[in-house]
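All remarks here apply to the structure that follows.
In this chain, residues are counted from 1 in sequence order.
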Amino acid sequence: MVEKDSRRLIPGTDTLLSHPRIQQAAQRLSPHVVKGLIRSAQQRARRGELAPEEVQSEVLAQLGSLRASSLQPVINATGVIVHTNLGRAPLSHSAREAVAEAAGYVDVEMDLSTGRRSRRGAEARRALIEACPHAEDALVVNNGAAALALATAALAGTGEVVISRGELVEIGAGFRLPDLLAATGARLREVGATNRTHLADYSAVAGEAAAVLKVHPSNYLIRGFTSSVPVADLAALCREHGLPLIVDVGSGLLVPDPLLPDEPDLSGALADGADLVIASGDKLLGGPQAGLLLGSASMIAALEKHPLARAMRVDKLTLAALEATLRGGQTPVQAALHADPEALRSRSADLATKVGGQVVAHEGRVGGGGGAEVPLPGWAVQLPDSAAAALRAADPAILTRTTGSVCLVDLRCVPQEQDDVVAETIRSVLASLPAEEGGRP
Ligand SMILES: *Cc1c(COP(=O)(O)O)cnc(C)c1O
């Protein structure tokens, strides 16, 4: 404890709050945050950890580095495009602008020409329909899991949903599809075996079913003695029994991509006869987190009427980002997926020259439960293993691919205009590493 006299020298809260720079900072931070910082600096001074005359500068320093949101932009140098831990798809420039504009008052549910209420997010839905041939109507909910739950609840109720045992997948972080379906009140009717399911397995139970669900097992492959039933065959069976056919394609390709021949697309599933298709907005589509439902007008109308639809409604920011993703310029996901290996090699060589590393062949990945195991040929700059943690802690933070013995910097998902920042950051990080860890003295 500091002596009484010295404690009296600690500046009071009101004095500190009236300091012009603190007032300035208080405009971008909540009063309780500012007061909290002041209180903690005063307490440290009372405990003798800080001299009374240092309190003000300490508060100013803390305020200077504090932002209202703690989410930190990260440079993704892992080569994994849809990186779940890094927020999946980065938004396109058009989508970012749209989000910023939609942050204020917007006509999300109003027709400005008549002044009347309009269908919420009508243009985002129109953009989806335009981008996905064969879709009559569309609905957007919070994420793929919500879309699946809504479709099951609205179309199957407490009835039986038929699904192949080969498609009872866990998507990630313990999210198991069968648990989600069961939580809606529907009963699962599992058919077939893990590796093989035939049309006869479905037709044997179709008489008692309320809906048939086909799920793309996005994140794993069944190889060897396998078979599953194509959407077209399931569609014929469902028509015969008057059952809705729901197809969850997972990753959100609207139309086929030659680079990902095994990845199903929404348009193809509808063309093959699915009544309703489901996908995520922030995987291969490259947009905001969202669950997309497309299909026949009557199915979408049934989903919209279900009470759960309101609980899963997306906000204006999502609608703005989604529409701009569909109607704006190329998404970063598309750019990274179709990056020219030769251009990647040349950028990597430039980086290696600047930071002193070696260029090695390195395959990128789609990641995030899409394009399971499709290798994307490319290159990386190899750095000492110890650089990985230091780069993560750097400003800007750079996330690399680590193998346990080396740290690989893959530029596939790095916008080219950030190459110089990446080089600068790596250079200063390497210079600060101890020499025995590969740093340069
Ligand atoms: C990713 C995925 C989901 C879950 O979608 P979220 O948008 O993460 O909720 C559901 N089904 C499949 C097949 C998926 O790949």
Side-chain angles (χ1 to χ4, degrees), residues 1-76 83-93 95-108 142-143 173 282 288-290 313-321 324 389-399 415 417-418 420-422 424-425 428-429 432:
M1 278 293 166
V2 191
E3 290 160 38
K4 269 222 172 95
D5 280 357
S6 163
R7 287 177 63 162
R8 244 185 283 130
L9 296 174
I10 297 173
T13 305
D14 288 343
T15 315
L16 288 167
L17 279 175
S18 66
H19 188 282
R21 274 181 55 205
I22 293 179
Q23 286 199 339
Q24 203 184 350
Q27 286 175 7
R28 51 173 192 87
L29 292 168
S30 151
H32 76 265
V33 172
V34 178
K35 281 182 189 152
L37 278 181
I38 288 176
R39 209 174 309 122
S40 114
Q42 289 166 331
Q43 277 163 2
R44 287 177 56 205
R46 278 187 211 109
R47 287 197 300 265
E49 295 164 17
L50 206 63
E53 59 274 20
E54 285 169 350
V55 168
Q56 181 180 299
S57 55
E58 172 66 11
V59 171
L60 284 172
Q62 296 260 352
L63 281 177
S65 61
L66 205 66
R67 296 177 312 135
S69 163
S70 67
L71 283 182
Q72 211 184 314
V74 168
I75 292 179
N76 175 10
H83 199 302
T84 302
N85 306 137
L86 299 182
R88 286 197 182 155
L91 294 182
S92 66
H93 288 297
R96 287 169 192 236
E97 277 175 17
V99 167
E101 279 168 10
Y105 291 120
V106 277
D107 60 346
V108 65
N142 276 322
N143 54 29
D282 54 354
Q289 178 186 302
R313 187 175 94 166
V314 288
D315 72 328
K316 59 184 177 174
L317 302 182
T318 302
L319 289 167
L391 284 169
R392 247 183 0 252
D395 182 18
I398 300 179
L399 217 79
E417 60 267 23
Q418 289 190 327
D420 288 341
V421 175
V422 169
E424 245 343 284
T425 310
S428 71
V429 159
S432 67

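- For Val108 against Leu319, the heavy-atom pair with the smallest separation is CG2-CD1, 3.7 Å.
- Between the CD1 atom of Ile75 and the CZ atom of Arg392 there is a distance of 15.0 Å, given to the nearest 0.5 Å.
- Smallest separation of non-hydrogen atoms from Ala320 and Ala102: CB-CB, 3.5 Å.
- Arg46 contributes atom CZ, which lies 10.0 Å from atom CZ of Arg39 (distance to the nearest 0.5 angstrom).
- The shortest heavy-atom contact between Leu16 and Ile22 is O-CD1, 3.2 Å.
- To the nearest 0.5 Å, atoms CG (Leu37) and CD (Gln42) are separated by 11.0 Å.
- A pairwise comparison of heavy atoms in Ala321 and Val99 identifies CB-CG2, 3.6 Å as the closest pair.
- Looking only at distances, a side-chain donor or acceptor of Arg96 sits under 3.5 Å from a matching main-chain atom of Leu91.
- Atom-to-atom distance recorded for Ile38:CD1 and Gln56:CD is 10.0 Å, nearest 0.5 angstrom.
- More than 12 heavy-atom neighbours from other residues, nucleotides or ligands sit within 6.0 angstrom of CZ on Arg28.
- When side chains are defined from C-beta on, Leu17 counts as touching Lys35, because their heavy atoms get closer than 4.5 Å.
- For the pair Pro396/Gln72, no side-chain contact is recorded, criterion being any heavy-atom separation below 4.5 Å from C-beta on.
- Remark: Gln24 CD is loosely packed, at most 12 non-hydrogen atoms of other residues, nucleotides or ligands lying under 6.0 Å away.
- Rounding to the nearest 0.5 angstrom, the gap separating the CG atom in Leu50 from the OG atom in Ser57 is 7.0 Å.
- With hydrogens and angles disregarded, a donor-acceptor distance shorter than 3.5 Å links the side chain of Gln289 to the backbone of Asn142.
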CA sep, side-chain torsions, deciding dist, call: Leu60, His19, side chain to side chain contact (heavy atoms under 4.5 Å, CB included) | CA-CA 10 Å; Leu60 284 172; His19 188 282; 4.0 Å; yes

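- Put simply, CD on Gln418 and CG on Asn76 are 10.5 Å apart, with the number rounded to the nearest 0.5 Å.
- Across every non-hydrogen atom of Glu58 and Ala41, the tightest pair is CG-CB, 4.2 Å.
- Side chains of Gln27 and Gln23: no donor on one and acceptor on the other come within 3.5 Å.
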